[in-house]
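Accompanying notes for the structure given below.
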2 protein chains.
Amino acid sequence: MDQAQSHSTADFKSFQADFPHQGRAIYETLFERNKDRITTNKAKFAVVNLERIFSATFELTPRIGFPVMSLRDLSRATGLSMGGIYSYIESKERIAIMVKDLVKLVTEELLARAKDLSDPRTALETAIREHIFATEILQDWFSFLYFETRSLPHEHQEESKNIELKLETALHELIDQVRQSRDIECGNSPIIATTLIALIQDRYLKPWKHSKSGESADDYAQRVLALMHCAIEHP
Amino acid sequence: MDQAQSHSTADFKSFQADFPHQGRAIYETLFERNKDRITTNKAKFAVVNLERIFSATFELTPRIGFPVMSLRDLSRATGLSMGGIYSYIESKERIAIMVKDLVKLVTEELLARAKDLSDPRTALETAIREHIFATEILQDWFSFLYFETRSLPHEHQEESKNIELKLETALHELIDQVRQSRDIECGNSPIIATTLIALIQDRYLKPWKHSKSGESADDYAQRVLALMHCAIEHP
DNA sequence: GTCTATATTCGGATAGAC
DNA sequence: GTCTATCCGAATATAGAC
């Protein structure tokens with residue numbers, strides 16, 4: 001379509017090849033963005049220990065929930081001592097805040113990319129497809145934020161809700177644009193946006209279902225887009 | 001359609017008029033089913049205090065989560081003392097177990113009703129419509145169970161997952177039947193069932209969104225069914 | 001049938017040694 | 001840069017009074 005794009009990211013494989021927020025790069029980002037709160041100064045140490053902390057958190061919380069996961073649990077699971085953990089976080093809730101920050105960063109980057117595309121229909125499809133792909137890669141992070149938002153301090157809780165609200169508004173505006181270009185009534189565009197978000201979330205919230213069905217991220221995205229177009233055309 | 005049905009429950013109003021699990025009836029059911037665990041013997045006292053306990057729980061937990069809600073919080077919110085509360089529950093987790101029991105009871109009743117209908121298409125539509133209606137009435141209960149399943153003891157946790165699994169299997173079988181009668185390939189029926197459940201859940205999990213949009217339960221059901229038929233017809 | 005007072009356990013956080 | 005030892009507050013649960 002747009003030749004200005006250097007290469008297509010329309011399928012999961014090529015999206016993943018370019019996606020920056022994977023593996024240790026995530027923890028380098030986290031370290032950079034929290035340098036002042038982390039007493040350990042060397043990235044070398046920090047990156048490996050941050051990875052331990054978040055891997056353990058994502059192993060424990062889906063089973064028992066963040067409030068029930070004690071820092072002693074975390075200490076056991078990471079191999080770090082209580083004191084060791086506290087040199088990376090100044091309080092337990094900071095773990096949740098860091099997750100929120102990363103999810104916010106990623107979501108905003110994806111949305112900005114999609115909005116840059118000139119054709120509304122392409123922008124809409126790209127936004128949805130890339131969200132499905134990114135949440136596939138960062139399943140733990142998005143799922144954690146969804147279930148543990150209530151563990152965040154008030155202001156960060158608001159920010160977390162705003163991540164979803166911004167995405168929803170953007171989708172709804174894009175749907176309006178697509179519809180206007182084809183003279184379709186726009187009345188229920190917000191509800192379609194809500195539904196699209198529900199479908200994006202369902203995949204990362206219930207990986208056991210979706211991996212059991214064996215449907216690939218590409219096929220899932222395809223199916224969601226087909227349903228969307230059906231809904232857009234029948235207001 | 002089926003004249004054996006004494007009256008239609010195809011719209012929310014008439015469904016609600018017949019639905020037994022509302023208001024104090026819920027707590028009478030709860031008392032009956034937990035008589036042996038409750039030290040208070042008079043239904044008169046029990047019903048009013050159970051209502052206090054669950055109303056307070058549904059006010060507190062959506063904001064802070066069940067593990068963070070202390071029995072002292074609950075004591076303050078209900079006006080009952082710690083000891084008073086413990087004459088209705090023998091442990092904190094019993095609150096969550098009782099919610100699970102009621103949700104299980106309601107879900108199974110609805111599913112049994114729908115399956116009794118002879119026409120697969122009507123059964124499928126009824127199952128979905130009535131689930132949307134029932135979860136509208138029992139929003140607090142269903143939402144609590146979704147978010148707080150992890151607070152249940154292991155065996156009850158399994159039972160909670162099975163509620164959803166049974167519904168999913170039933171929907172997928174009904175979709176297969178509808179498709180077979182029209183010579184449509186059945187390959188992705190399980191995924192459609194998963195999607196339908198996601199849409200049913202989205203409405204009770206995010207009431208603020210759906211009530212803001214102002215879409216009625218009837219309209220929502222209509223729209224979900226339209227999407228479903230679109231998906232059924234394009235495998 | 002309900003309340004007050006209390007036993008007991010456990011979790012978050014920190015100070016100072018290594 | 002990390003660990004050990006410890007403090008303190010809070011939560012569940014219960015015993016016995018009213």
Side-chain angles (χ1 to χ4, degrees), chain A residues 27-28 30-31 34-54 56-57 60-61 63-98 148 150-153 156, chain B residues 27-28 30-31 34-53 56-57 60-61 63-98 148 150-153:
Chain A
Y27 303 100
E28 284 159 9
L30 241 45
F31 178 58
N34 293 278
K35 254 195 162 84
D36 43 343
R37 264 184 293 265
I38 295 176
T39 66
T40 303
N41 289 313
K42 312 283 180 200
K44 187 185 163 177
F45 290 90
V47 168
V48 49
N49 282 332
L50 283 170
E51 175 152 16
R52 281 198 187 120
I53 290 170
F54 284 92
T57 299
L60 291 168
T61 55
R63 283 186 292 120
I64 61 178
F66 186 67
V68 178
M69 177 189 80
S70 71
L71 294 184
R72 284 179 174 80
D73 293 337
L74 199 58
S75 165
R76 213 175 304 124
T78 55
L80 288 164
S81 66
M82 291 289 289
I85 288 173
Y86 271 94
S87 56
Y88 293 97
I89 53 165
E90 88 284 26
S91 75
K92 186 187 175 187
E93 63 186 10
R94 176 62 53 186
I95 296 174
I97 296 173
M98 282 176 162
E148 313 296 352
R150 293 173 304 188
S151 297
L152 289 168
H156 294 91
Chain B
Y27 303 101
E28 284 160 8
L30 240 46
F31 178 57
N34 292 279
K35 255 193 162 82
D36 43 343
R37 263 185 293 265
I38 295 176
T39 66
T40 303
N41 288 314
K42 311 284 180 199
K44 188 185 161 176
F45 289 90
V47 168
V48 50
N49 282 332
L50 283 170
E51 176 153 15
R52 281 199 188 119
I53 290 170
T57 300
L60 290 167
T61 54
R63 284 186 290 120
I64 62 178
F66 186 67
V68 178
M69 177 191 79
S70 71
L71 295 184
R72 284 180 175 77
D73 293 338
L74 200 57
S75 165
R76 213 173 305 124
T78 56
L80 288 164
S81 66
M82 292 289 288
I85 289 173
Y86 271 94
S87 57
Y88 293 96
I89 54 164
E90 87 284 27
S91 75
K92 186 186 174 187
E93 63 186 11
R94 176 61 55 186
I95 297 175
I97 296 173
M98 283 176 161
E148 312 298 351
R150 291 174 304 188
S151 296
L152 289 167

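Here is how names work: the chains are called A, B, and so on, in the same order as the sequence lines, proteins then strands, and each is numbered from 1.
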CG of A:Asn49 to OG1 of A:Thr40: how many Å apart, nearest 0.5 Å? 7.0 Å
To the nearest 0.5 angstrom, please state how far the OG atom of A:Ser151 sits from the CD1 atom of A:Ile95. 10.5 Å
Which nucleotide wins on minimum distance to the side chain of B:Met82, given the candidates C:dG12, C:dA5, C:dT2? C:dA5
Is it true that a side-chain atom of A:Lys92 and a backbone atom of A:Ser70 form a donor plus acceptor pair closer than 3.5 Å? no
Ionic contact status for A:Arg150 with B:Glu148, cut-off 4.0 Å: yes
Expressed as a whole number of angstroms, how long is the span from B:Leu50:CG to C:dG1:C1'? 14 Å
Please give, in whole Å, the distance from C:dC3 P to B:Arg76 CZ? 15 Å
Could you give the NZ-to-P distance, from A:Lys44 to D:dT2, as a whole number of Å? 11 Å
Quick one: B:Leu80 CG to D:dA13 P, roughly how many Å, whole number? 17 Å
Using whole Å, report how far NZ of A:Lys92 lies from P of C:dG11. 9 Å
Look at A:Ser70 and C:dC10 and indicate whether a side-chain polar atom (N or O) is within less than 4.0 Å of OP1 or OP2. no
Could you tell me the separation between the OH atom of B:Tyr86 and the P atom of C:dT6, rounded to a whole number of Å? 18 Å
Would you mind reading off the distance between A:Ile53 atom CD1 and D:dG1 atom P, rounded to a whole angstrom? 14 Å
Given D:dG1, D:dT14, D:dT2, identify the nucleotide with an atom nearest to the side chain of A:Asn41. D:dG1
What is the distance from atom CE of B:Met98 to atom OG1 of B:Thr57, rounded to the nearest 0.5 Å? 11.0 Å
Nearest whole Å is fine: how far is D:dA11 P from B:Leu60 CG? 12 Å
Quick check on D:dT2: is either OP1 or OP2 less than 4.0 Å from any side-chain nitrogen or oxygen of A:Tyr88? yes
Have a look at B:Phe45 and say if it touches a base, only the backbone sugar-phosphate, or nothing, with a 4.0 Å heavy-atom cut-off. sugar-phosphate
Can you find a side chain N or O atom of B:Thr39 that sits less than 4.0 Å from OP1 or OP2 on C:dG1? no
Does C:dT2 have its OP1 or OP2 closer than 4.0 Å to a side-chain nitrogen or oxygen of B:Asn49? yes
Nearest to side-chain heavy atoms of B:Ser81, which nucleotide of C:dT14, D:dA13, C:dT2: C:dT2
